[in-house]
Structures are given as C-alpha cells and as structure tokens.
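What follows is a short report on a single structure.
None of the values given here were measured: they were computed from a predicted structure. Lettering of chains follows the sequences in order, A, B, ..., and the numbering in each one begins at 1.
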There are 2 protein chains.
Amino acid sequence: MARNLHDHILQTASALFYSQGIKATGVDAIVKAAGTTKMSLYKYFPSKDDLVLAHLSKSRDAMLNRILAGVELRASEPKQKLLAVFAVFDELLSSPEFRGCPFINASAEFAEASNPVQLAAAEFSDTFREILADLARQAGAQDSESLSRQLAMLISGAIVSEQMRRQSGAMRTAAAAANILIEQSLSRAEPA
Amino acid sequence: MARNLHDHILQTASALFYSQGIKATGVDAIVKAAGTTKMSLYKYFPSKDDLVLAHLSKSRDAMLNRILAGVELRASEPKQKLLAVFAVFDELLSSPEFRGCPFINASAEFAEASNPVQLAAAEFSDTFREILADLARQAGAQDSESLSRQLAMLISGAIVSEQMRRQSGAMRTAAAAANILIEQSLSRAEPA
DNA sequence: AATAATACATACCGGTCTGTATAGTTGCAA
DNA sequence: TTGCAACTATACAGACCGGTATGTATTATT
C-alpha cells in the first residue's frame, strides 16, 4: 500500500505513462488505477503536466541508478564498464514490460521544441552520454567524445529496434559493434 | 493547388502529422489547413485512423525513394553505397523541417503492440534494414545481417540524437562509426 | 471532546475530440 | 436548360479531456 499518497500516485501514473503512452493516459485512468480521487491527485500535482514532469524526473533517477549500479556490479575496469552498460540495457530490453525508452517516447509525443518534456528528454540524453564519455576517458579512448556519442547511438538505436521487433537481441548486436569501436579507439590511443 | 482533393488532403495531413505529432493534430486542423471541409475529408478517408495509415504509407514510399535515389546518385560501388546512405540521412537531418523519424515517432505515440501503426513502423524498419543488408552483401561483408542491423541502429540512434539536440552533427558521427564497422566486416571477409 | 488534516465521493464545468446530418453551392456535361 | 456529382457550409451528436466545487468520512492531535 501507500504510506505516502504522493508517491503512490506518481508510481501508478509513471507505470501507465510508460506502458500506454502519456497522452493516451487520462487523469481519470490514473486516479482509478491508484484507487484514489482526482481531488487528491490535484492536491499533490497542480496539473497533469506537473505529474508528467515528475514521472520523467523519477524515470531519470531510476534509469541512472540502474545503469550506474549495474555497471559497478559487473565490472571494475573502465573498458569492461563500457561493455557492461550494454549488458545492463540488454537486461532492460528483455523484460516483458519493456516499451522503449521513456525519454525517446516522450520526445516523440510532445513535438514542440520548447516543451519542458523535450528539455527533460534532452537533459537525460546529455547526462547519459556524459557517463559514457567519462568511462571512455578512463579507459583511455582516443576520442572519448566521439566514442561516447557513437555508443549512445548504438544503444538508443537498439532500443527503438527492439521496440519494433521484440526478442530480436538488438542490444547484443549493438554490443558487438560497440566492442569493435572501443577496441579501435583504444588501440589508436595506445601506440606500441 | 490540388488537382486531386484526396492527395491534397493527404499531403496536408501528412505535413501536420509529421511536424506536430499525430495525436496532437485534430481533424479540424487538417481540414482548415487544407482549405476544405470535414465532409470532404471523410469522403476520402473513412476515419482518422485511415488517414494516419495513408500518411505512413506515403511517408514510407517517400523515404525509400529518397534513400534509393540518393544512394544511386552518390555512389556506384556497394561499399560506397553503404556510406552514401549516411550522407542521404545527414542531408535529411539538416533540414529545418526535420522532426525525427515518422515511424519511430508514430511507434511512440501508439504504444499498443497490436496497433496497425506499430505494424507499419515495424514493416518500414524491416524494409530499410533489408536494403542495408543487400548492400552489405553486395559489398562482400562477412556477416551482412549483423552489419546491416548495426548500421540501422547507428542511423536510428543518430536520428533520435539529432531530434533531441539539433545541429549536433549526429549523422556524421554515426557515419564515422559505420566506416569502422564496414571496414572491419570487409577485411574479415576478404582474407589475404 | 474539539480541532485540523487528510482523503474520499460525486457532480459538474468548459473545451475539444471524432464523426455525422442537412442544406446550399459550384461546375460541367448532355 | 436541365441534371448530376463534387464540394462547401454549418451545425450538432456523443464521448472524453483536464480541472473544479461542494460536501463527507476518517484519523490524529491536543
């Protein structure tokens, strides 16, 4: 149950937003699923927009924590950590609840460039890429910026690929490509 | 003007769907922008869903034609054609009207797996990848299936990356990675 | 026991959505 | 000139949207 109604509503809304889409999820559906009322929802969230942004913020934290914890759990050396990121995402994509990336999807649902949802999505994208850039730098990559961008593209590409064709093993195919790109970058950075 | 009202409505709707999102575009807005009436729209398209599917079909044809023609224009050898695909997309991404991939976006807007929109998006994704696989095979790639999947991921990843941060040159960064992957695949396929 | 905070129940508001009904207008062809 | 088909104009149905108003039940604190 909910010791905290605010969090319970957010948790319920977050699950619905992710699984059904944000615009496809009405306030009434959230209220019904959470077993509460509109009045309570609007007590904690002034508008649906606020709830959406809270959902994205929560998703961002959960995603970053999962990535960082998963990487730390799987590898200790920077180069292995880069590859571990793909293993973490492979696990994510294997879940039956997987419905793509919350930020990519939100970005597609809210087209206007100035929309706060767009900004949140772009911010997450940047943060994630910086994590990869840090790891690439620690691993001694030649051009950690380019490499991190390329790895990020492989991951988001694998996500949308798996979204369209489930159980296609997209993230493992992406990891194979990542392995090549990483090796290339490291071999050039460390001349004999 | 429109010699053909059906096509004129579809063209207008297609532009709005792409630039503003499908769910964000009401029938009234389409009718107003096309300078016609709802009665005429519903004469040619039994429902908004039909119009949406027609839009995706039109977008698929336009996209495939643009890719194939652009590749043919830029290169004659299979390996160069693979790289030319990235040049075609780089041009696409540079347009001020660029708003991401119509199929990735539509897939995000209509979450249900059984939705016809999802099927259309998946179908395009497959077709595009097969084009890449053909080129990879012609180029003599070792594992044309894997390579084509990886290149497709780089492209869709670059698209969503550019969607979140405009003017980031994402497709050129993706092309650099593609170049490495292609070289690797060809060198392994043609042993000395 | 009195008070205050929290949450629930329900009805409602204005607006927008897809889709339809009805009537009027234009242009072209026999 | 008449007739017919395509198109326009406009109003409306019915559902759903986000958001609010009013009032009640429950619980904790004092």
Applying the 4.5 Å side-chain criterion to the ILVMFWY set and letting contacts propagate, would A/L64 and A/F89 be lumped into a single cluster?
-> yes
If you look only at pairs with a residue in residues 79-100 of chain B, which of them pass as a salt bridge (charged side-chain N to carboxylate O under 4.0 Å, His left out), with sequence neighbours excluded?
-> B/R66-B/E91, B/E72-B/K81, B/R74-B/E91, B/K79-B/E183, B/D90-B/R172
Exam field: side chain B/Q118 to backbone B/A113, donor-acceptor pair closer than 3.5 Å = no
Where at least one partner belongs to residues 22-31 of chain A, residue pairs that pass side chain to side chain donor-acceptor pair (under 3.5 Å), sequence neighbours excluded = A/D28-A/K38
Just grab all the salt bridge (charged side-chain N to carboxylate O under 4.0 Å, His left out) pairs involving residues 118-129 of chain B, residues at least two apart or on different chains.
-> A/R165-B/D126, B/R60-B/E123, B/R129-B/E145
Quick one: ring pair (Phe, Tyr, Trp, His ring centres under 6.0 Å) partners of B/Y44, sequence neighbours excluded?
-> B/H6
B/S148 side chain to B/S144 backbone, donor-acceptor under 3.5 Å | yes
A/D143: what forms a salt bridge (charged side-chain N to carboxylate O under 4.0 Å, His left out) with it, not counting sequence neighbours?
-> none
B/D134 meets the salt bridge (charged side-chain N to carboxylate O under 4.0 Å, His left out) criterion, sequence neighbours left out, with B/R137
Test of ring centre spacing under 6.0 Å for A/F103 and A/F110 = no
Hey, could you give me each pair passing ring pair (Phe, Tyr, Trp, His ring centres under 6.0 Å) that has a residue in residues 152-181 of chain A? Not counting sequence neighbours.
-> none
What parts of residues 45-54 of chain A reach DNA chain D, counting only heavy atoms under 4.0 Å away?
-> A/S47, A/K48
Pairing residues for A/K48 by the salt bridge (charged side-chain N to carboxylate O under 4.0 Å, His left out) criterion, not counting sequence neighbours | none
Could you write out each protein N or O paired with an N or O of nucleotides 11-13 of chain D at a distance under 3.5 Å?
none

Look for any protein N or O under 3.5 Å of an N or O in nucleotides 6-9 of chain C and output each such pair with its distance, or none.
unit_1	atom_1	unit_2	atom_2	d
C/dA7	OP1	A/Y44	OH	3.3
C/dA7	OP2	A/Y44	OH	2.3
C/dC8	OP1	A/G35	O	3.4
C/dC8	OP2	A/T36	OG1	2.4
C/dC8	OP2	A/S40	OG	3.1

Proximity to DNA chain D (any heavy atom under 4.0 Å), residues of residues 15-32 of chain B only | none
To the nearest angstrom, how far is A/L41 atom CG from D/dC17 atom P?
-> 14 Å
